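The block underneath contains the structure these notes are about, expressed in structure tokens.
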There are 2 protein chains.
Amino acid sequence: MRILIVEDTADVGEAVVASLERAGYACDLADRLQMAEEFLAVQSYECIVLDLSLPDGDGRSLLRQLRKRGAGTPILILTAEFEVTARVEALDAGADDYLVKPFDLRELEARLRVLIRRDKGQASGVMQLGDLAFDPAAQSVQVGGAPVPMTRREMTLLNLMMSQRGRILSKERLFEGLFSFERAEVGTNAVELYIARLRKKLAGSSARIETHRGLGYRMDADDA
Amino acid sequence: MRILIVEDTADVGEAVVASLERAGYACDLADRLQMAEEFLAVQSYECIVLDLSLPDGDGRSLLRQLRKRGAGTPILILTAEFEVTARVEALDAGADDYLVKPFDLRELEARLRVLIRRDKGQASGVMQLGDLAFDPAAQSVQVGGAPVPMTRREMTLLNLMMSQRGRILSKERLFEGLFSFERAEVGTNAVELYIARLRKKLAGSSARIETHRGLGYRMDADDA
DNA sequence: CTTCCACGATGAGAATGCGCATCCGGCCCC
DNA sequence: GGGGCCGGATGCGCATTCTCATCGTGGAAG
């Protein structure tokens, strides 16, 4: 939990550092843009608190530079400029929050907690099986990095099989999953059909579908 | 891009809705907690704007309830309470931002843009895809540096597709992002219509919208 | 070991209905 | 009042989907 504070007014900077250190963060204090850049070159931070008016330049340039470089670090602007246009401009330039002096240290801490909390915790729900990757959210299938086009039925079947990988799924079960409501009219052969289609599209992958006669189907990888 | 606004003061709520709709968001307005919960039960939102003082209870309870349920939707508190302790409490309870009335609509919009782009995992504002550049803040689209005029709906759709680039978005999902409840009577092929219009305007660009029959649409660049 | 049967695999073809284009009317905002 | 934005309706083309029919194969019993 390391935070960079860029602030030229000594007493403000020191007060912020003292407060954040008491809250358990490791803090580096820079009073000029150049010093901030030196810190950033050798250290990565959970979060950056940035004053806009600095003796050797404008904080906005640092902000833009970082974003252009692709840095995703949350940045909180802390400044005396209270004009709405300045706020909008900074936020649109890539800042994540904007606090106007004078401010309350408790609020600063709370807002930093929010930024750090947000920055963590976005997991990708991708399922992997051998060289087969399936992302249910994106509805995308890849074999060894190459995308494989799938139709809707194929996709739902793959979803069923992969979310229960390693288990044998009865044909009735798969049938329910595929044709839950319109089942009355569709023949019993349909499941086998889509199993065949899936197998064909998954040829060349290390994932495969085993047949267990009289029981159902099971998905697994070749080796393992 | 659908936003839920929970606000009991009619003129404030309507002003916010008008402003956000002009910016291309689909908005649902709830003036009571109960209504908000009903909306949330049947619809998912990109973001929630929440007033704390409501006729049938305290907004904080909704906030806590959502977080306990594990909802990760960004929430912006919009209230007249200006005490620091109230802000800290709300932020620690799971709110992502806190704006005190009276506020400037431009700042609200800017802060919502921040929350939404953060939620999507992007740090800065401008999105690029091949030679197509989209700036949600400026509501501007460029193909190879040349500006392309877009209508509001087209822009909203492009925003949806680009912020989820590489993923297949179902027609229902796009529909929900495009239209709010009051416009519920629009036909089902409205989405196809705007897809067609977008494609026409994006002809000549390396950005492309693929159709995945039965699944939805997916945005990508020609090469890759 | 052999034989037979039932279950599963596979290919070809037909119909459903999805998605696209187009034209058009209506509405809102200027 | 008018121009652009918005969304309705229709007809057509075709991918997807499912049926049908045939062939392959595993397994158990004699």
Side-chain angles (χ1 to χ4, degrees), chain A residues 139 141 148-158 160-161 168-203 208-219, chain B residues 1 14 17-19 21-27 139 141 147-161 168-203 208-219:
Chain A
Q139 299 267 73
V141 181
V148 178
M150 292 268 173
T151 72
R152 198 178 60 199
R153 291 261 127 96
E154 289 162 0
M155 197 80 80
T156 53
L157 179 58
L158 182 64
L160 284 169
M161 305 279 312
I168 297 180
L169 297 172
S170 74
K171 225 189 296 198
E172 292 75 23
R173 178 100 182 258
L174 295 174
F175 190 88
E176 294 282 323
L178 278 176
F179 313 101
S180 49
F181 284 101
E182 61 230 277
R183 68 185 137 196
E185 311 174 2
V186 48
T188 53
N189 199 17
V191 174
E192 297 159 23
L193 207 167
Y194 285 103
I195 289 284
R197 291 246 174 94
L198 257 190
R199 281 209 253 244
K200 191 171 284 181
K201 289 202 174 173
L202 264 44
R208 81 187 168 165
I209 301 173
E210 304 164 356
T211 301
H212 291 252
R213 202 159 249 260
L215 294 172
Y217 300 91
R218 174 170 175 276
M219 188 152 197
Chain B
M1 290 301 153
E14 282 162 19
V17 168
S19 159
E21 280 188 342
R22 194 144 23 88
Y25 299 101
C27 297
Q139 294 273 85
V141 181
V148 178
M150 292 267 174
T151 72
R152 206 171 64 223
R153 294 263 192 249
E154 289 163 0
M155 198 84 77
T156 307
L157 181 58
L158 182 64
N159 198 346
L160 283 169
M161 306 278 313
I168 296 180
L169 297 173
S170 74
K171 225 187 300 197
E172 294 76 23
R173 179 103 180 256
L174 295 173
F175 188 89
E176 289 170 356
L178 235 32
F179 306 103
S180 43
F181 278 125
E182 57 221 73
R183 291 309 241 177
E185 67 265 2
V186 289
T188 50
N189 75 338
V191 173
E192 300 163 23
L193 236 167
Y194 285 101
I195 289 283
R197 293 205 175 126
L198 254 192
R199 280 208 254 243
K200 194 170 284 183
K201 289 201 175 174
L202 263 45
R208 189 182 38 157
I209 300 175
E210 304 166 357
T211 300
H212 293 252
R213 203 164 249 256
L215 291 172
Y217 299 92
R218 175 171 176 275
M219 189 151 197

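Remember, it's a predicted structure, so these values are computed and weren't measured experimentally. Sequence lines set the chain letters: A, B, ... in the order given, protein chains first and strands last, and positions in each chain run from 1.
Between the CZ atom of F175(A) and the C1' atom of dC7(C) there is a distance of 17 Å, given to the nearest Å. Remark: P of dT17(D) and CG of L178(A) are 10 Å apart, rounded to the nearest angstrom. Between H212(A) atom NE2 and dA9(C) atom P the separation is 11 Å, expressed in whole Å. The interatomic distance linking R22(B) (CZ) with dC5(D) (P) rounds to 16 Å, in whole Å. Here dC18(C) presents its P atom at 8 Å from CZ of R152(A), a figure rounded to the nearest Å. Atom NZ in K171(B) sits about 11 Å away from atom C1' in dG17(C), given to the nearest Å. If you take CZ of F179(A) and C1' of dT16(D), they are 12 Å apart, rounded to a whole angstrom. Regarding L198(B), its CG atom lies at a distance of 12 Å from the P atom of dC20(C), rounded to whole Å.
Each of T188(B) and M150(A) was matched to the nucleotide of DNA chain D holding its nearest heavy atom; the match closer to the 5' end belongs to T188(B). When each of A190(A) and A190(B) is assigned the nucleotide of DNA chain D bearing its nearest heavy atom, the one mapping closer to the 5' terminus is A190(B).
E172(A) meets the side-chain contact (heavy atoms from CB on, under 4.5 Å) test with S170(A); sequence neighbours excluded. In this view, E176(B) satisfies the salt bridge (Lys or Arg N to Asp or Glu O under 4.0 Å) rule with no residue, not counting sequence neighbours. Residues that satisfy the side-chain hydrogen bond (donor to acceptor under 3.5 Å, both in side chains) test with R199(B), not counting sequence neighbours, are T211(B). Listed by chain and number, the residues in a side-chain contact (heavy atoms from CB on, under 4.5 Å) with R208(A) are E210(A), D222(A) (sequence neighbours excluded).
Listed candidates were dG8(D), dC20(C), dC18(D). Nearest to the side chain of Y217(B) is dC20(C).
Side-chain contact between R173(B) and Y217(B) is absent, with no heavy-atom pair separated by less than 4.5 Å. With contacts defined as side-chain heavy-atom distances shorter than 4.5 Å, the pair M219(B)/L202(B) qualifies. The side-chain heavy atoms of V186(B) and F175(B), taken from C-beta on, include a pair separated by under 4.5 Å.
The side chain of T211(B) places an N or O atom within less than 4.0 Å of a non-bridging phosphate oxygen (OP1 or OP2) of dC20(C).
The two residues L174(A) and L157(A) come nearest to each other via the heavy atoms CD2-CD1, 4.0 Å. Across A190(B) and F179(B), no two heavy atoms sit closer than the pair CB-CZ, 3.9 Å.
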### Summary
Protein heavy-atom contacts under 4.0 Å, written 5' to 3' over nucleotides 21-27 of chain C as B (base), S (sugar-phosphate only) or - (none), form the string S------
Just the atom pairs and distances: protein N or O near nucleotides 13-15 of chain D's N or O, under 3.5 Å.
residue	atom	partner	partner atom	Å
dG13(D)	N2	R213(B)	NH2	3.2

